[in-house]
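To start, the structure itself, in structure tokens.
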Protein chains: 2
Amino acid sequence: MSHTLGIRQAQKQKTRQAFLDAALALLEEQSLSSLGLREVTRAVGVAPTAFYRHFRSTADLGVALVDEALGSLHPMVRTTVSTTGDSEERIARAVELIARHVDAYPAHVRFIARERHGGVQPVREAIRAQLQRFAEEVKAELAKDPEAAGWSDDDLLMLAHLYVDQMLITASLFLEALEAPAQERERVAQLATRQLRLISIGRTHWPD
Amino acid sequence: MSHTLGIRQAQKQKTRQAFLDAALALLEEQSLSSLGLREVTRAVGVAPTAFYRHFRSTADLGVALVDEALGSLHPMVRTTVSTTGDSEERIARAVELIARHVDAYPAHVRFIARERHGGVQPVREAIRAQLQRFAEEVKAELAKDPEAAGWSDDDLLMLAHLYVDQMLITASLFLEALEAPAQERERVAQLATRQLRLISIGRTHWPD
DNA sequence: TCATCCAGTTAACAACTGTTCTCTGGAATT
DNA sequence: AATTCCAGAGAACAGTTGTTAACTGGATGA
């Protein structure tokens, strides 16, 4: 049973979301550490002081953006890795899925790539924690595969991190190619596919 | 025969270098897009207007920092990849070399990791161009290896990019572990070693 | 119905920003 | 020795910033 929010709470959440959306748009052309509080309130169309009703600082807003950008991604990642079919099919599906995600949420992807090593410590920390969770989820899925027989937990996590990092690199490349001709995007897809293929081969022959 | 600079030019270069050093120090706790011109001149100890004698803008200063941080790295990368010995020795040496570089130039590494996807377009472009050069140099070295027989140019470049990205990821992990206990840094070294090992295995079995 | 709450407003603060123009004094050139 | 050059200084500009305090008025709960 879902609880219907009061008019007041609903309006507050609406404004909060407007803050997140406006910030995400502004962050396409700058980093979080240069994002001003007044800049955001101006974009939302609200008084500067209203900001404090929702966030302590822009860093706090950034952490909220991390949750929005990565929080909803967990189920997708899990189903991607656990997809059935042979190795080649799974690679093609993963690349396709990354491309679609970048198309659907370019600002989210840009934000994560930009702030992962950005100048705001709490945000870096939040991203690091979420990516750690991703890696552990991927590891759990990898462990189910019969190919994982004889793999140590450490090695599975090592491979999971390799996949997660590769996912981010690929997403970033698709992002750069967003406004480029289809041919360029296809080139990125081919590159990512072959890199995943090479990793997959390394995985198969691991305990040589 | 080296040309001795006049007193004037020498002093100018000295001040310019002071700008680069001060900026790099300030950028440990923020991004380039939030770095103020006055902030830098204050750190150097000169008047704000002196900045314009050396750079058009902070973005321009950022591009100069890219050259300083990556320009001197080319010979090192080349010799690393072309190092003789079996695969395992080369991996160990590469990881060791990355760790030492992070120890020696942590601010450079932080700057590149931060601004590679940062909010200043000309700087992103400069980093992208340099990394492209790195990849092509690595590719040229890979091509010399007898193991590269039967590899297409495209596949060699694909593998080279994989190595370059992996190098950056590893450097970034070492950076995070800079002030951590030696045990943590060893964990990073082990992780990077095994990831490179897996890639190396994939490379060996590539045209399966 | 009435008192309470609280998201958003208004006004004001000192401090800071990038950029301009004018000036200075020592190096470089003739 | 006289002239030109030019890195850096100084002062002033209109705008911007984050944060504070006291307020308003509609939703909320007794």
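In what follows, every heavy atom counts, from backbone to side chain, and hydrogens, waters and symmetry copies are set aside. What you see is a predicted model, and the numbers here were worked out from it, not measured in a lab.
The stretch residues 11-34 of chain A does not touch DNA chain D, since none of its heavy atoms comes less than 4.0 Å from the strand. Residues of residues 39-51 of chain B having a heavy atom closer than 4.0 Å to DNA chain C, listed by number: B:Arg42, B:Thr49.
Within the structure, the salt bridge (Lys or Arg N to Asp or Glu O under 4.0 Å) test picks out the following pairs touching residues 62-85 of chain B (sequence neighbours left out): B:Arg78-B:Glu137. Within the structure, every pair that satisfies the salt bridge (Lys or Arg N to Asp or Glu O under 4.0 Å) test and touches residues 96-109 of chain B, not counting sequence neighbours, is listed here: B:Glu96-B:Arg100, B:Asp103-B:Arg185.
In this structure, CD1 of A:Ile7 is placed 13 Å from P of D:dG26, rounded to the nearest angstrom. Nucleotide D:dG18 holds its P atom 18 Å from the CZ atom of A:Arg56, rounded to whole Å. A straight line from OH of A:Tyr52 to P of D:dA22 spans 17 Å, rounded to a whole angstrom. One can place CG of A:Leu37 at 15 Å from C1' of C:dT9, the figure rounded to the nearest angstrom. For the pair A:Phe55 CZ and D:dT19 C1', the interatomic distance rounds to 18 Å; values are reported in whole Å.
Checked for salt-bridge contact, A:Asp165 and A:Arg116 meet the test: a charged N lies under 4.0 Å from a carboxylate O. Salt bridge present: A:Lys144 and A:Glu141 bring a charged side-chain N and a carboxylate O closer than 4.0 Å.
One N or O donor and one acceptor, one from the side chain of B:Arg8 and one from the base of D:dC6, sit under 3.5 Å apart.
Listed by chain and residue number, nothing satisfies the salt bridge (Lys or Arg N to Asp or Glu O under 4.0 Å) test with A:Arg8 (two or more places apart in sequence, or in another chain). For B:Arg110, the salt bridge (Lys or Arg N to Asp or Glu O under 4.0 Å) test picks out B:Glu28, with sequence neighbours left out. In terms of the side-chain hydrogen bond (donor to acceptor under 3.5 Å, both in side chains) criterion, A:Arg124 has no residue partners (sequence neighbours excluded). With sequence neighbours left out, A:His161 forms a ring pair (Phe, Tyr, Trp, His ring centres under 6.0 Å) with no residue at all. Partners of A:Phe51 by ring pair (Phe, Tyr, Trp, His ring centres under 6.0 Å), not counting sequence neighbours, listed by chain and number: A:Phe19, A:Phe55. With sequence neighbours left out, the salt bridge (Lys or Arg N to Asp or Glu O under 4.0 Å) criterion links B:Arg187 to B:Glu184.
Taking every side-chain heavy atom of B:Arg38 into account, D:dA12 is the closest of C:dA27, D:dG18, D:dA12.
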Which atom pairs link the protein and nucleotides 1-3 of chain D when you take only N or O atoms and keep those under 3.5 Å?
none

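Between the side chains of A:Ser34 and B:Ser34, no donor-acceptor pair is found at a separation under 3.5 Å. Between B:Glu39 and B:Gln30, the side chains place a donor N or O and an acceptor N or O closer than 3.5 Å (distance only, hydrogens not considered).
A tilted orientation is assigned to the rings of A:His101 and A:Tyr105, their planes being inclined by 30° to 60°.
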Item to complete: State the dot-bracket string of DNA chain C. Criteria: Watson-Crick or G-U wobble, both atom distances under 3.5 angstrom; notation: ( ) intrastrand, [ ] crossing earlier pairs, | interstrand, . unpaired.
Response: ||||||||||||.||||.||||||||||||
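The 5' end of DNA chain D is approached more closely, in terms of each residue's nearest nucleotide, by A:Gly36 than by the other of A:Gly36 and A:Arg53.
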